[in-house]
There are 2 protein chains.
Amino acid sequence: MSRPTIFDVARGAGVAISTVSRAFSNPQRVAEETRERILRVAEELGYVPNPHARALTSRRTETIAMVVSDITNPHFFEIIRGAEMRAKASRFTLVLVNAEESARIEMEQIARLARSVDGFLLAASRLPDEDLLQLAGTHSVVMVNRQVQGIPSVILDQKEGCRQLVVHLASLGHSSVVYLSGPRNSWIAASRWQAIRDSAAACGMSALRMGPYTPTVSHGGAAADAALTTGATALIAHNDLLAIGVLRRLAARSVRVPEDVSVAGFDNIFAADLCSPSLTTLSGVHADLGRSAVELLLDGVAPGPRTGEAPRLVLPSQLVLRSSTGPAPVAV
Amino acid sequence: MSRPTIFDVARGAGVAISTVSRAFSNPQRVAEETRERILRVAEELGYVPNPHARALTSRRTETIAMVVSDITNPHFFEIIRGAEMRAKASRFTLVLVNAEESARIEMEQIARLARSVDGFLLAASRLPDEDLLQLAGTHSVVMVNRQVQGIPSVILDQKEGCRQLVVHLASLGHSSVVYLSGPRNSWIAASRWQAIRDSAAACGMSALRMGPYTPTVSHGGAAADAALTTGATALIAHNDLLAIGVLRRLAARSVRVPEDVSVAGFDNIFAADLCSPSLTTLSGVHADLGRSAVELLLDGVAPGPRTGEAPRLVLPSQLVLRSSTGPAPVAV
DNA sequence: GAAAGGGCGGCAAGCCCTTGCCATGTGTTT
DNA sequence: AAACACATGGCAAGGGCTTGCCGCCCTTTC
């Protein structure tokens, strides 16, 4: 015996299938009494509407896709987690896809899912602006940790966060800072560098960008070596993973942190508090990024007139001071 | 202009829609030459089959759902990651759902998705065996980190791993070990305790189970306090998070690790190598769990005769020795 | 050269719902 | 009492695809 369909419910309740359909998807269109009867019959029969049949005509799927640029990066998991929880709260299903740091794969995956989801969450997308704008023309899209004019987005406040971080370093007496940059086409890396450079200028510090580096622990070694050649006393790594890699290499080279060199990262991952020395980092509630992004997407997906402007959410970030930053060494 | 359908392609290629359909889903059923022509037209038109229409008749969705018992637990992310990558390799889509440690929610989510996916990956399911067996009767199911008679599963080798861990502690001179247990209805917690108890007995050690504890850092404090009352010199925590919490509390209470007490965990999370002292832990390639689980599921989903037995994969685990375990203190 | 077989394409019946439009019945207004 | 508005339910046309079955034609076989 196969699963009951809308016909079985209609027969059981003595109504037309259209009425059953509306009892589920358009409740106020059906008399209270009728609806209750239908729901009761459906319950008894164990009827669940077939989502595909539903999607076929209604073009709504109650599913959203989250595309992350690199699923191996633990930083995204908080975002994914927040997104999943928020999606679930609205009875939406979350599909997870990995772009493997490739714009081509990202595009392929999006094309593949275009018909199966109501919208896309693009986390740290590597696609060029044009592609994104085109996509946003035909689908609901929300960017996470990237801003593109005209597309809704959610980011953590890099500007203010970087400013605080630079001011912190400046007030410790550092006069030069190196930013160990993340991937070349990472919007957030560009945005961090810009904020660091501007803030450094405002503090009278010199700022230098090095890299790009793949932001993993294993690439921290090269980054540290390169940074040491500059003589800078303050290092800001693109993220905590890279920063931890830097710390390791510095330890291996007997460079003391923070006595000789100060190091800071981004994301405040769990390990940032455990490594030695513990890591000063720019923190933020990443789960909220995912949550807010879904919220924005659901707003956009909902029928009704668009508000004129694409919303740009900027969530607060906060500086977490630990022991990897300290006073600049006294000049020799 | 709306998206092209199979009709447009059929017209363009001068064939019937059934032929177009087969050109995509049953290539060897169509002459090579015809197929090429169809694919070329489809390409030109930008035709992509509508997955919902497809699913409606074929009952295949090329989608699998991964249900995790608690999405806030970082341990799962490796598994999710492995699963996503493997699914993608077979052009399957992965849906992620969170059971929030609740059997009820887990069941609801499964019911909701039952029609939209080809199968379920249940990671650390909290459902009773009966429910799982019933589910496995109607759907393709693969269990991750749990074994149920008759259902395909993938686990890390707890038994041998725990044995090695206990032998390691025994050979360091410890004569008593405490297992700080994970959640009550966690299969893996039960399985670990059983392996620890048996191995301890074989080594002439006494073993004690305490808890259950929610396996997070914050619950490690209570676990540590409780464990200290027993006078045991070796502590095995349900996972690394709990172990790190234990380490923190011990440090706060000035109990030296490993001089006074040895501590070990499970999972070898990234932070295990960074905490102080670094943590001895039972490691395993968790991404492989996800990968293998998807593989098993795809095997099960594929048409064709079932092999008689439900496969039970046991992936190797390995003991990673770090500095949180050491010789037992000399008795006073 | 006739019969048998295989490869290939087409027909048409679904798969299970949503939704625009119409029909009916009831209550309200003038 | 006529005219109307509104609430409610039904009809039927899809939505875009898969697949069992049939039939055609070209090979092969004896």
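Just so you know, these numbers use all the heavy atoms, side chains as well, and skip hydrogens, waters and symmetry mates. Keep in mind it's a predicted model, so treat the numbers as computed, not measured. Per chain, numbering begins at 1; letters A, B, ... match sequence-line order.
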Could you list all N or O pairs between the protein and nucleotides 24-27 of chain C that sit under 3.5 Å apart?
none

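Residue Phe24(B) contributes atom CZ, which lies 17 Å from atom C1' of dG9(C) at whole-angstrom precision. Straight-line distance from the CG atom of Asn50(A) to the C1' atom of dC16(C): 6 Å, rounded to whole Å. Distance, Glu33(B) CD to dG9(C) C1': 13 Å, rounded to whole Å. Rounded to an integer number of Å, the gap from NE2 of His52(A) to C1' of dG14(C) is 17 Å. Taking atom CG on Asp8(A) and atom C1' on dC16(C), their separation rounds to 11 Å, with Å as the unit. Rounding to whole angstrom units, CZ of residue Phe7(B) and C1' of dG15(D) are separated by 10 Å. Atom pair Asn26(A):CG and dT18(C):C1' shows a separation of 10 Å (rounding to whole Å applied).
At a threshold of 4.0 Å, the pair Glu295(A)-Arg291(A) does not count as salt-bridged, since none of the basic side-chain nitrogens sits closer than that to a carboxylate oxygen. Ion pairing between Lys88(A) and Glu100(B) holds under the 4.0 Å rule for side-chain N and carboxylate O. At a threshold of 4.0 Å, the pair Asp131(A)-Arg126(A) does not count as salt-bridged, since none of the basic side-chain nitrogens sits closer than that to a carboxylate oxygen. Under the 4.0 Å criterion applied to side-chain N and carboxylate O atoms, Glu43(B) and Arg40(B) are not assigned as salt-bridge partners. Looking at Glu78(A) and Arg81(A), a side-chain N of the basic residue comes within less than 4.0 Å of a carboxylate O on the acidic one, giving a salt bridge.
Within 4.0 Å of Ser58(A), counting heavy atoms only, lie sugar-phosphate atoms of the nucleic acid but no base atom. Here Tyr47(A) lies in heavy-atom contact (under 4.0 Å) with sugar-phosphate atoms only. Nucleic acid contact for Val9(A): none, since no nucleic acid atom lies under 4.0 Å from a heavy atom of the residue.
Side-chain atoms of Asp118(B) come within 3.5 Å of backbone atoms of Thr61(B) as a donor-acceptor pair (strictly under, hydrogens ignored). The backbone N or O of Ala13(B) lies less than 3.5 Å from a partner atom in the side chain of Arg37(B), making a donor-acceptor pair.
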Classify every nucleotide of nucleotides 7-14 of chain D by which part a protein heavy atom approaches to under 4.0 Å, writing B for the base, S for the sugar-phosphate alone and - for neither, in 5'-to-3' order.
-BBBB--B

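In terms of phosphate contacts, Arg54(A) brings no side-chain nitrogen or oxygen within less than 4.0 Å of OP1 or OP2 of dC15(C). Close to dG16(D), at under 4.0 Å from its OP1 or OP2, lies a side-chain N or O of Arg59(A).
Taking the six-membered ring where the residue is Trp, Phe24(B) and Tyr47(B) present perpendicular rings, their angle passing 60° and hence far from 30°.
Residues Ser125(B) and Met143(B) meet the side-chain proximity criterion, which asks for heavy atoms closer than 4.5 Å.
Of all nucleotides listed (dT18(D), dT19(C), dG15(D)), dT18(D) comes nearest to the side chain of Ile6(B).
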